[in-house]
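This report refers to the structure that appears directly beneath it.
First the proteins, then the strands, lettered A, B, ... as listed; each starts at 1. Only this structure's heavy atoms are used, side chains among them; waters, hydrogens and symmetry mates stay out.
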Number of protein chains: 2
Amino acid sequence: MQQRSEETRSKIISSAIRLFSGRGFNAASVDDICAEAGISKGAFYHHFKSKQDLFLSLLDGWLKTIDNAIEAAKDKPAPEAFTQIAEAFPYIFKTAGEGLPMFLEFWLQASRDETVWQASVEPYRRYHKYFTALIKKGVDEGSFVAVNPELTARMIISTGMGLLLQSLMDPQGAKWEKVARDSVKMLVDGMLKK
Amino acid sequence: MQQRSEETRSKIISSAIRLFSGRGFNAASVDDICAEAGISKGAFYHHFKSKQDLFLSLLDGWLKTIDNAIEAAKDKPAPEAFTQIAEAFPYIFKTAGEGLPMFLEFWLQASRDETVWQASVEPYRRYHKYFTALIKKGVDEGSFVAVNPELTARMIISTGMGLLLQSLMDPQGAKWEKVARDSVKMLVDGMLKK
DNA sequence: AAAAACAAACCAACTGGTCGGTTTGTTTTT
DNA sequence: AAAAACAAACCGACCAGTTGGTTTGTTTTT
């Protein structure tokens with residue numbers, strides 16, 4: 001009963017991730033998603049009340065994986081916490097399927113669709129606050145020099161986003177994961193007390 | 001006769017920028033663009049042979065403004081060159097019209113459309129090479145410490161892209177321009193020999 | 001300088017097709 | 001028998017692009 005239902009649902013979700021990230025929300029039709037998942041339109045509308053509903057559900061699941069990664073690094077000293085979160089990034093930003101990044105699609109829709117924006121803006125601000133607090137904590141612990149934590153947090157987030165964007169255009173397998181790791185290392189090293 | 005023609009063409013272009021950046025390439029229809037520009041579809045297809053042709057034409061113009069900004073900073077010492085390019089960014093990344101960024105739309109289409117990718121990848125690699133060379137030049141001039149120029153260039157580009165992405169979601173007027181300026185300053189300071 | 005010819009610029013109606021979404025009735029699975 | 005999935009048909013809206021005819025400004029002829 002729930003077994004089959006759950007399987008169908010997850011087939012829809014992984015097909016949707018693949019198509020949304022590959023073609024974009026608008027260009028991927030419900031028909032396409034159903035065809036990819038090998039299910040009927042009826043089944044689709046049994047699980048999601050609309051295409052947008054599906055999208056918001058994907059967004060929700062994705063935000064949860066970020067929260068989990070942050071939660072898992074909660075009690076570590078600041079430099080280790082950054083490193084650990086950086087390690088989790090390649091997974092977070094690839095979500096599932098072919099490993100194509102949904103992230104940009106989430107962001108884009110958030111900038112254009114009021115409902116998606118509403119669902120994203122609070123978590124987004126929370127992440128920025130978290131990174132800022134983590135830097136301040138590093139300063140308090142005596143391991144970081146007193147930089148501008150607000151701005152530095154912004155830049156760390158920016159770097160992650162920018163690298164993802166670049167990897168989107170110029171995909172070269174695991175190479176970008178190394179670049180991401182090296183970048184975080186460089187940023188953290190820059191903050192470390194010599 | 002050319003007067004009127006040129007005026008129509010520029011009306012199409014500015015409407016297209018507004019709509020593409022506001023809704024995305026797919027969601028903005030040719031009908032919408034014509035309505036916004038206050039011209040007919042016939043006029044549209046007189047000036048551009050397709051919607052994609054219009055898009056490529058916008059991309060081309062945009063890449064030229066970047067080249068110009070880089071060209072203008074050519075002979076300055078490295079730290080000044082970075083600062084000058086950073087100053088030009090707010091203009092480059094806003095293109096025209098309502099000031100909404102077309103950049104993301106260019107990037108997105110490049111990752112999804114072979115033709116757009118072809119038109120973008122060479123300039124993109126050129127910019128990365130340029131920044132790398134600029135950092136090396138700074139090292140040679142004795143003003144920068146010997147960092148990893150390749151990676152640092154990537155990070156500078158990433159930071160710019162990431163900040164733009166953030167500004168897209170959380171628009172607050174000129175605030176992001178200040179953040180961008182401060183970020184470049186921070187990155188350049190980090191490279192400067194103490 | 002007026003008239004005629006011309007081509008570029010433009011318009012508005014239309015084409016063939018696809019879209020997301022929904023409904024209806026049937027079959028399979030639990 | 002209830003839940004889940006299916007297949008097919010339907011719809012009003014919208015899409016990019018085409019067509020054929022009209023306006024506009026310029027050039028040539030008289």
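Under 4.0 angstrom from either OP1 or OP2 of C/dC11 there lies no side-chain N or O belonging to B/His46. Side-chain N/O atoms of B/Tyr45 include one lying less than 4.0 angstrom from OP1 or OP2 on D/dG17. Here A/Ser40 does not reach the OP1 or OP2 of D/dA7: none of its side-chain N or O atoms lies under 4.0 Å away.
A donor-acceptor pair is defined here as one N or O able to donate and one able to accept, closer than 3.5 Å; such a pair exists between the side chain of A/Asp32 and the backbone of A/Ser29. With B/Ser57 contributing its side chain and B/Asp53 its backbone, the two residues share no donor-acceptor pair below 3.5 Å. A donor-acceptor contact shorter than 3.5 Å links the side chain of A/Glu105 to the backbone of A/Phe25.
Contacts between residues 48-55 of chain A and DNA chain C, counted as heavy-atom distances below 4.0 Å, involve A/Lys49, A/Lys51.
Comparing C/dC10, D/dA16, C/dC11 by their nearest atom to the side chain of B/His47 picks out C/dC10. Looking at the side chain of B/Ser29, the nearest of the listed nucleotides C/dG20, D/dC15, C/dC11 is D/dC15. Nearest to the side-chain atoms of B/Thr8 among the listed nucleotides D/dC15, C/dG20, C/dC10 stands C/dC10.
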| Dot-bracket for DNA chain C, 5' to 3', with Watson-Crick and G-U pairs under 3.5 Å, [ ] for crossing pairs and | for other-strand pairs: what is it? | ||||||||||||||||||||||||||||||
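With rounding to the nearest 0.5 Å, the separation of OG in A/Ser183 from NZ in A/Lys178 is 9.5 Å. Rounding to the nearest 0.5 Å places CG of B/Asn26 at 9.0 Å from CG of B/Leu108.
Checked against A/Lys64 for a side-chain hydrogen bond (donor to acceptor under 3.5 Å, both in side chains), the options A/Asp60, A/Asp67, A/Asn68 give a single hit: A/Asp60.
What separates CG of A/Leu19 from P of C/dG20 is a distance of 11 Å, to the nearest Å. If you measure from atom CD of B/Glu7 to atom P of D/dT24, you get 14 Å, rounded to the nearest angstrom. If you measure from atom CG of A/Asn26 to atom C1' of D/dC15, you get 13 Å, rounded to the nearest angstrom. At whole-Å resolution of the value, CD1 in A/Ile12 and P in C/dG20 are 15 Å apart. As rounded to whole Å, 13 Å separates atom C1' of C/dC19 from atom CZ of A/Phe25. Atom P of nucleotide D/dC14 and atom CZ of B/Arg23 are separated by 11 Å, given to the nearest angstrom. The distance between atom CG of B/Asp32 and atom C1' of D/dC14, rounded to the nearest whole Å, is 10 Å. Between the CD1 atom of A/Ile33 and the P atom of C/dC19 there is a distance of 12 Å, rounded to whole Å.
Interface remark: the A/Lys41 side chain does not form any donor-acceptor pair with the D/dA8 base, using a distance-only criterion of under 3.5 Å.
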| task | Please test A/Leu58 against A/Phe106 for side-chain contact (heavy atoms from CB on, under 4.5 Å), starting from the C-alpha separation and ending with a verdict. | result | CA-CA 9 Å; A/Leu58 295 181; A/Phe106 287 138; 3.9 Å; yes
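Backbone-only contact: B/Ala28 has heavy atoms under 4.0 Å from sugar-phosphate atoms and none from a base.
Between A/Phe20 and A/Phe55, the ring planes lie perpendicular to each other; the angle is over 60°, past the 30° to 60° tilted range.
In this structure, B/Phe48 and B/Leu56 have side chains that are not in contact, with every pair of non-hydrogen atoms separated by 4.5 Å or more.
Separation of the B/Trp117 and B/Tyr124 ring centroids does not fall under the 6.0 Å cut-off.
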